[in-house]
Amino acid sequence: MADLDDGKSTTGLIFFFNSAPIAWNSQKQSTVALSSIEAELWHPQLQPAKHSGCNSLKMLDLDVALSTCLQRLQWFHSPLYCHFPSPAGVHTSDELNITGNMNGGDGRKTARNRIKPSPSSVSGENQRESRNRKGSPKKRSKDQLRILDVNFVLLGFIIVASLVALFFVFRSVQLSDGDDRLPRVITPFPGPKIMDLEMFQGEQKESLYWGTYRPHVYFGVRARTPESLVAGLMWLGIKDGRYFMRHICQDADDLQTYGWTKHNGRDYGHQVLIDHGLTLTTSFLKSKVNGSGYGGDWAVQVGVQSEKISEDVPDAAHVFFYIADEGQNAISLGRSVSEIYEKSLLAYGSRADVGGWELHLKSMDNFEVHHVGLKTPHIHNLSDLVQGILGLQVRNFGHLELPDTSDDSPNILVYQVTARAPFKADIAFVTGTDIDDDRAEERVDSLTGTSLTSQLHKKENEFDDKFRKIFNPSEKLDSESLEVGKAAVGNLLGGIGYFYGQSKILFPQSSEQHQSDGDSILYWPAELRWDTHISMDIIGHWLDLMNIDGWIPREQILGAEALRSVCGMASNKFSVAESMDISAFFERSFGRLEAWFQWFNTTQSGKHKSSYYWHGRKESQTIFELNPKTLSSGLDDYPRASHPTDEERHLDLRCWMLLAADCMHSISEQLVKENQSWKAYKETAKLLSDFDLLMRFMHFDKDHGAYFDYGNHTERVRLRRQLVQKSGNQQPSLELVREVVEEPVTRLVPHIGYISLFPFISKIIPSKSWILEKQLNLISNTSTLWTKFGLRSLSKTSSMYMKRNTEHDRLTGEAQLDEHKLLDSFITASLFKRGRAYRERAETIYNELRGNLISNVIKNYKQTGYLWEQYDQKKGRRERCTPFYWLDLSGGVDYGRII
């Protein structure tokens with residue numbers, strides 16, 4: 001406590017042993033504190049005390065900041081209550097009432113009118129006298145009134161500077177509590193954005209502004225901007241006599257088929273959807289004419305046909321079209337239900353990007369139209385909202401129709417079109433109506449009716465011509481097989497999506513998810529030969545997601561809609577303009593590509609030189625797995641070493657690093673970057689392509705004549721049902737748990753599969769080597785990889801072949817489409833270019849393998865309307881994921897060259 005006469009505080013301490021005081025001392029501070037907070041500051045400086053529940057050093061930091069902030073503002077103090085602990089045994093007041101009284105009335109004196117220091121020792125009698133004098137009134141002095149004569153500019157500056165200082169103090173305290181590694185993971189790469197290149201701006205950017213960039217819904221349109229206008233289609237499907245809302249693509253809907261039959265990636269697409277007797281077609285068209293706003297106009301033609309399955313199925317079809325603003329801008333209703341045949345305007349509004357806009361509906365058929373307006377940020381749950389509204393309407397009024405009501409200032413308008421099938425409706429969206437409203441109706445007419453149908457036919461013919469020009473299909477190819485190829489391209493380009501949001505990053509040993517700055521990404525890059533700019537645009541978006549260490553997350557979940565869904569061909573010459581754009585693209589992206597390569601080269605390296613392994617496999621987390629999965633490799637269910645350690649060497653990753661180093665060397669050579677990095681990439685590629693090193697020390701097994709992974713491994717592991725104790729109050733249950741019968745040893749992992757072919761794919765094996773014949777034997781032997789429907793992903797001779805890996809899934813073994821894309825693009829090329837000694841046999845294997853695979857893919861497509869991820873090895877029956885268009889060009893397009 002401070003002395004009432006001289007204003008100096010006294011600090012004391014006392015030490016106890018077994019509750020008895022053994023040493024004590026007190027000392028009056030030599031300086032008069034300008035405030036009690038500053039007095040508190042001197043206290044921990046003289047004797048740092050342990051603060052309850054806090055780190056004393058951090059409390060001291062806060063005290064310093066608070067004192068610095070307030071010591072110049074002692075005249076400004078309002079009543080302030082603060083508590084600070086004292087050393088054990090010293091009696092102090094727990095609560096101090098600081099009432100800096102500027103008018104000099106009752107209360108404690110301010111620092112300005114405290115008397116000069118007196119001797120440090122004060123008798124008890126003098127202390128009582130001082131306390132008695134506290135209550136006596138004093139006359140206001142002239143000096144006390146001059147306290148308000150201050151420089152308010154300087155005062156304001158001091159306040160702002162103090163608050164800024166406080167912010168940085170608190171920020172530094174927070175960061176010191178956390179792991180410094182975590183913020184770095186979400187720090188963007190410190191280089192110029194690839195998407196800022198001039199080639200992606202201006203007309204190029206505007207031409208791709210609107211599109212079918214919502215692949216997670218059956219049909220959807222949006223702009224490539226974070227808070228876009230979005231539009232989409234929903235309908236009521238009937239299954240087992242019950243209605244179900246169709247909107248989000250999901251397997252549970254059990255549609256017979258859906259997907260784009262044709263799509264050029266820019267301004268045209270056509271798709272067919274068949275849902276238990278109800279057939280819908282959607283045709284998308286984009287247009288840019290004089291008077292259009294940014295990005296132009298677009299239209300969609302919806303056709304509905306119904307097949308009478310039973311008497312229980314009604315004739316009327318219910319289709320819903322909606323327009324929603326992600327930025328929650330209000331959308332205005334453009335018509336009443338009774339005016340639909342007189343006025344086609346459904347909705348209108350205005351946005352900063354496209355200006356005024358209008359949505360129109362036109363049709364020659366008779367139908368009812370109902371609507372509902374909603375104001376909600378949860379656009380990603382729209383189908384649930386509409387289904388709930390329809391349920392209420394049926395329960396309350398017995399009508400399966402929207403209520404024709406709207407919330408105030410809605411940001412979503414949903415329109416229900418009910419009619420007897422067949423019927424057709426044209427929906428036109430025009431922009432720039434605030435500037436050129438006179439021509440808006442003319443543009444609507446050009447995007448509806450016969451004019452729209454004519455333009456769609458023209459775009460369809462252009463797509464067919466471009467397909468023939470680029471892929472040059474064989475004349476022997478029948479029309480049905482050709483349609484499969486067009487559907488493959490159409491779904492690949494129509495599946496491009498735009499998402500914007502914060503990446504979800506899950507860190508090891510932490511339950512928290514960290515988010516990065518808002519990013520956007522486009523999925524599924526198309527081949528350069530179809531559209532160079534779209535390809536570079538997509539790759540540029542992906543590389544721009546890189547963090548400061550060169551890492552790009554394998555999966556990207558950006559935004560609420562994406563989160564809801566979690567879940568060698570002949571080279572063509574490019575034009576001069578395309579070549580210049582590609583060079584500029586690589587010039588800008590080279591720094592990111594280098595960082596990406598270095599991230600893999602450092603974080604995924606092994607203990608031995610030129611060895612690599614996929615990090616992240618942990619034996620401690622895999623008691624329920626027969627073989628720990630390698631998720632980061634993309635070959636999740638391919639068996640690796642039974643016991644993960646840092647001694648592992650993964651053959652596929654080593655070959656990927658060879659390909660990456662070779663690409664980086666080629667790019668740097670193309671860009672005339674002959675520096676240390678250029679030499680390093682060349683040397684790395686040379687080292688990783690060393691055939692003798694791979695044979696003698698790394699991955700080759702002479703007994704099997706095949707290449708394998710290396711690691712701590714035993715073949716004698718199995719899954720057995722055991723009683724597993726559950727956490728909390730859950731009852732124990734019988735589950736499959738891994739049991740190790742024999743201790744593992746470091747060795748080659750003897751599983752023959754597509755991993756064993758990677759050195760062959762990577763062209764490491766010399767054309768005259770006897771290993772080449774061994775590789776051909778592995779491919780063509782029915783006891784290992786060969787089937788009538790493609791190659792197995794894991795040999796029948798493997799101890800893990802088709803075994804159950806967990807309670808719910810099996811290890812690999814079936815023929816996979818992505819595997820054959822790899823084989824077709826690389827293996828066959830190496831067969832023809834380098835397999836001189838085995839050319840005739842290689843060509844026979846090549847033609848038969850391609851024929852088997854493609855005919856099976858086409859057969860299943862005709863039966864199901866989809867391309868599939870896997871095919872059964874015995875009957876060629878489709879399995880696993882569909883629609884599977886990631887790498888469908890191997891089975892859907894390129895076969896035109898070899899059949």
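Computed from a predicted model, the values in this text were never measured in an experiment.
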Would you find a donor on one side and an acceptor on the other, under 3.5 Å apart, between the side chain of [X] and the backbone of [Y]?
X      : Y      : value
His650 : Trp614 : yes
Asn491 : Ala487 : yes
Asp709 : Leu651 : yes
Arg792 : Thr782 : yes

ask   = Which residue pairs pass the salt bridge (charged side-chain N to carboxylate O under 4.0 Å, His left out) test when at least one of the two sits in residues 645-666, sequence neighbours left out?
value =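 Of all non-adjacent pairs touching residues 645-666, those that pass salt bridge (charged side-chain N to carboxylate O under 4.0 Å, His left out) are Lys607-Glu647, Arg617-Glu648, Arg640-Asp652.
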Pairs flagged by salt bridge (charged side-chain N to carboxylate O under 4.0 Å, His left out) wherever residues 769-787 is involved - sequence neighbours left out = none
task = Quickly, which of Ser642, Ser799, Pro744 forms a side-chain contact (heavy atoms from CB on, under 4.5 Å) with Glu715? Name it, please.
result = Ser799
inquiry  = Checking Phe708 now: which residues fulfil ring-ring contact (aromatic ring centres under 6.0 Å, His included) with it, not counting sequence neighbours?
reply    = His704
inquiry  = Just to verify, what does Tyr710 make a ring-ring contact (aromatic ring centres under 6.0 Å, His included) with, not counting sequence neighbours?
reply    = none
Drop me the distance from [X]'s [atom1] to [Y]'s [atom2], to the nearest 0.5 angstrom.
X      : Y      : atom1 : atom2 : result
Asp703 : Leu748 : CG    : CG    : 10.0 Å
Arg738 : Ile623 : CZ    : CD1   : 10.0 Å
Phe624 : Gln722 : CZ    : CD    : 9.0 Å
Leu776 : Phe760 : CG    : CZ    : 5.5 Å
Lys796 : Met802 : NZ    : CE    : 11.5 Å
Met698 : Asp692 : CE    : CG    : 13.0 Å

ask   = Of all residues at least two apart in sequence or in a different chain, which pass the salt bridge (charged side-chain N to carboxylate O under 4.0 Å, His left out) check with Arg721?
value =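 Arg721: salt bridge (charged side-chain N to carboxylate O under 4.0 Å, His left out) contacts with Glu807.
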note = Contacts of Lys862 meeting salt bridge (charged side-chain N to carboxylate O under 4.0 Å, His left out) (sequence neighbours excluded), chain-then-number -> Glu480
Beyond-backbone contact of [X] with [Y], side-chain heavy atoms, under 4.5 angstrom:
X      : Y      : result
Thr630 : Tyr613 : no
Phe691 : Ser769 : yes
Trp786 : Glu848 : yes
Asp701 : Pro750 : no
Leu853 : Phe789 : no
Asn805 : Lys629 : yes
Gln775 : Ile761 : no
Tyr707 : Leu778 : no

inquiry  = Looking only at the side chains, is there a donor atom on one of Tyr681 and Glu594 sitting less than 3.5 Å from an acceptor on the other?
reply    = yes
message = Whether the Tyr612 and Asn601 side chains hold a donor-acceptor pair (N or O, under 3.5 Å, no angle test) is what I'd like checked.
response =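 Result is yes, a qualifying pair exists.
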query = Using the benzene-type ring in the case of Trp, are the ring centres of Tyr754 and Tyr638 under 6.0 Å apart?
reply = yes
Please report the shortest heavy-atom distance between [X] and [Y], naming the atom on each side.
X      : Y      : answer
Thr806 : Glu625 : CG2-CG, 3.5 Å
Leu785 : Leu757 : CD1-CD1, 4.1 Å
Leu849 : Gly790 : CD1-CA, 4.1 Å
Ser689 : Ile764 : O-CG2, 3.7 Å
Ser762 : Leu658 : CB-CD2, 4.1 Å
Tyr866 : Thr257 : OH-CA, 3.2 Å

task = Determine, stepwise, if the pair Leu867 / Val484 fulfils side-chain contact (heavy atoms from CB on, under 4.5 Å).
result = CA-CA 9 Å; Leu867 298 179; Val484 178; 4.2 Å; yes
task = In sequence, state the C-alpha distance, the side-chain angles, and the governing distance for Leu687 and Leu693, and then conclude on side-chain contact (heavy atoms from CB on, under 4.5 Å).
result = CA-CA 8 Å; Leu687 175 65; Leu693 179 64; 4.0 Å; yes
message = Take a 6.0 Å sphere around NZ of Lys788 and say whether it holds more than 12 heavy atoms from other residues, nucleotides or ligands.
response =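 No, not enclosed.
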message = Just checking Glu742: does its CD atom have more than 12 heavy atoms from other residues, nucleotides or ligands closer to it than 6.0 angstrom?
response =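 Yes, CD of Glu742 has more than 12 neighbouring heavy atoms, counting only those of other groups under 6.0 Å.
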I'd like to check the side chain to side chain contact (heavy atoms under 4.5 Å, CB included) partners of [X]; sequence neighbours left out, ordered by chain and number.
X      : value
Ala660 : Phe597
Leu593 : Leu543, Phe586, Ser589, Trp596, Met664, Ile667
Cys663 : Leu659
Ser798 : His751, Leu794, Met800, Tyr801

ask   = Residues in side chain to side chain donor-acceptor pair (under 3.5 Å) with Asp690, at least two apart?
value = none
key: Test side chain to side chain donor-acceptor pair (under 3.5 Å) applied to Ser733 - qualifying residues, sequence neighbours left out   = Glu735
ask   = Could you walk me through whether His615 and Thr603 pass the side-chain contact (heavy atoms from CB on, under 4.5 Å) check?
value = CA-CA 8 Å; His615 291 227; Thr603 66; 6.0 Å; no
